[in-house]
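Inspection log for the structure reproduced underneath, given as structure tokens.
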Amino acid sequence: YVRQNEQSLSLKVTELSPFDARAVYKNTSYDLRQYKRIEMFTHAEALVNDSNVPTDGDMSVFIRLGSDYKNNYYEYEVPLTLTAHSTTASNKEIWPDANKISFAFEILTDLKLERNSDKRKGVSGVNFQTVYSKPDPNNGLNTRKIVGNPSLAEVKTIMIGVRNKSNTVKSAEVWVNELRLSDFNESGGWAANANLNVAVSDLGTVNVGGRIETAGFGALDQ
């Protein structure tokens, strides 16, 4: 096999309160509409000689994509399976499939449509300011969320964090590795300009202009 230039991040949380979270974020400027999926490997382990050892599912990892990290974002959350400390652990034990973040962007946009539909119907508690949450239709253990009005066309912030899902204080170390986009859409987009000049007898001249650009149209670096 070929060793690639892996990009990894270690998140170590100590005495994290119940249902609290800690995260890191990066300001970006991405249009993700030309990709169908996002993927990331995740590893979790207890701290050495720690008395707050979590069990499987006590901790979770989440990723947020949005125009900001508080009021307009999509979130995807995965409960974590811990790897025991060992010098002989296999790759599958260190990076278990259950911990992997891998989902199609379609499930996020579907969630947005569902939330907006419930809001129009007047469903109690559904609005743009509070978290709207549903299980992943392909994996009921994972959770997708939306707040505000995020757009995959303008992702300004990417956040990766760890959340304590248990009722007691917990500590853990989580590694995230190789965040990547996949399934690139190779079909091109299109753009058009329109201009209309109308002379209205003696009253004057009306000038109207418009432009439309679809996803997939742009320079090579886009």
Side-chain angles (χ1 to χ4, degrees), residues 1 4 6-26 36-66 69-70 73-108 110-111 114 130-147 157-183:
Y1 67 101
Q4 298 180 340
E6 295 185 1
Q7 304 295 318
S8 301
L9 180 68
S10 173
L11 302 171
K12 188 175 183 179
V13 291
T14 305
E15 297 184 353
L16 189 62
S17 300
F19 306 105
D20 196 6
R22 290 294 183 270
V24 296
Y25 70 92
K26 179 179 181 180
K36 296 181 181 179
R37 299 188 66 86
I38 188 169
E39 299 177 337
M40 183 173 67
F41 297 101
T42 308
H43 161 87
E45 64 181 53
L47 302 185
V48 178
N49 299 323
D50 179 47
S51 59
N52 301 314
V53 176
T55 58
D56 291 348
D58 282 350
M59 310 295 287
S60 67
V61 63
F62 64 88
I63 183 168
R64 285 184 183 178
L65 308 168
Y69 59 84
K70 185 176 181 180
Y73 63 82
Y74 292 111
E75 180 179 300
Y76 191 85
E77 183 177 19
V78 177
L80 292 171
T81 299
L82 273 70
T83 300
H85 295 153
S86 171
T87 58
T88 60
S90 66
N91 287 341
K92 283 292 185 181
E93 292 172 319
I94 297 173
W95 307 102
D97 290 337
N99 289 357
K100 185 179 180 181
I101 289 179
S102 178
F103 62 90
F105 287 124
E106 183 180 19
I107 68 169
L108 299 182
D110 286 348
L111 181 68
E114 186 177 349
T130 57
V131 176
Y132 185 84
S133 175
K134 294 284 184 179
D136 181 343
N138 302 310
N139 186 339
L141 297 177
N142 302 341
T143 307
R144 54 201 171 121
K145 304 175 183 178
I146 183 174
V147 175
T157 301
I158 298 177
M159 173 183 281
I160 298 173
V162 179
R163 181 175 288 123
N164 181 0
K165 303 284 287 183
S166 74
N167 295 315
T168 58
V169 171
K170 297 294 181 182
S171 304
E173 183 170 352
V174 176
W175 308 344
V176 292
N177 185 45
E178 283 294 295
L179 175 64
R180 86 277 300 274
L181 300 168
S182 64
D183 294 352

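Residue numbers count from 1 along this sequence. Owing to the predicted nature of the structure, the values given are computational and were not obtained by experimental measurement.
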Could you give the side-chain donor-acceptor pairs of residues 44-52 under 3.5 Å, partners two or more places apart or in another chain?
{"unit_1": "Glu45", "atom_1": "OE1", "unit_2": "His43", "atom_2": "NE2", "d": "2.8"}
{"unit_1": "Asp50", "atom_1": "OD1", "unit_2": "Asn52", "atom_2": "N", "d": "3.4"}
{"unit_1": "Asp50", "atom_1": "OD2", "unit_2": "Asn52", "atom_2": "N", "d": "3.2"}

Results of side-chain contact (heavy atoms from CB on, under 4.5 Å) for Ala98 - residues two or more places apart only:
Thr81
With rounding to the nearest 0.5 angstrom, report the [atom1] to [atom2] distance, [X] to [Y].
X      : Y      : atom1 : atom2 : result
Thr157 : Tyr69  : OG1   : OH    : 8.0 Å
Tyr74  : Leu65  : OH    : CG    : 9.5 Å
Ser133 : Leu111 : OG    : CG    : 7.5 Å
Leu141 : Ser60  : CG    : OG    : 12.0 Å
Met40  : Phe103 : CE    : CZ    : 9.0 Å
Asn167 : Ser17  : CG    : OG    : 12.5 Å

Does Glu114, at its CD atom, have more than 12 non-hydrogen atoms belonging to other residues, nucleotides or ligands within less than 6.0 Å?
yes
Flag the pair [X] / [Y] as yes when at least one side-chain heavy-atom distance between them is below 4.5 Å, and no otherwise.
X      : Y      : value
Tyr76  : Asn142 : yes
Val174 : Leu80  : yes
Tyr73  : Val131 : yes
Ser8   : Val176 : no
Thr130 : Val147 : no

Stepwise side chain to side chain contact (heavy atoms under 4.5 Å, CB included) check, Val61 with Ile101:
CA-CA 9 Å; Val61 63; Ile101 289 179; 4.2 Å; yes
Contacts of Arg37 meeting salt bridge (Lys or Arg N to Asp or Glu O under 4.0 Å) (sequence neighbours excluded), chain-then-number -> none
Please check this pair: side chain of Arg22 against backbone of Gly161, looking for a donor-acceptor N/O pair closer than 3.5 Å.
no
Residue pairs involving residues 57-66 (criterion salt bridge (charged side-chain N to carboxylate O under 4.0 Å, His left out); sequence neighbours excluded):
Asp58-Lys170, Arg64-Glu75
So which pairs with a foot in residues 76-104 pass salt bridge (charged side-chain N to carboxylate O under 4.0 Å, His left out), sequence neighbours left out?
Glu77-Lys145, Glu77-Arg163, Glu77-Lys165, Lys92-Asp97
To check you understand the geometry: which heavy-atom pair defines the closest contact between Gly140 and Pro135, and what is its length?
O-CB, 3.9 Å
Heavy-atom nearest pair, Pro79 first then Gly57, reads CB-CA, 4.3 Å
Check against side chain to side chain contact (heavy atoms under 4.5 Å, CB included), Phe105 and Asp183
CA-CA 11 Å; Phe105 287 124; Asp183 294 352; over 6 Å; no
Indicate the ring-plane relationship of Phe41 and Trp95, choosing parallel, tilted or perpendicular according to the 30° and 60° boundaries.
perpendicular
Side chain to side chain contact (heavy atoms under 4.5 Å, CB included) assessment of Asn164 paired with Asp20
CA-CA 6 Å; Asn164 181 0; Asp20 196 6; 5.6 Å; no
So, Thr42 and Asn99: side-chain donor and acceptor under 3.5 Å apart, yes or no?
no
Donor-acceptor pairs are to be reported for all side-chain atoms of residues 9-16 against protein atoms at under 3.5 Å, with residues two or more places apart or in another chain.
{"unit_1": "Ser10", "atom_1": "OG", "unit_2": "Glu173", "atom_2": "OE2", "d": "3.0"}

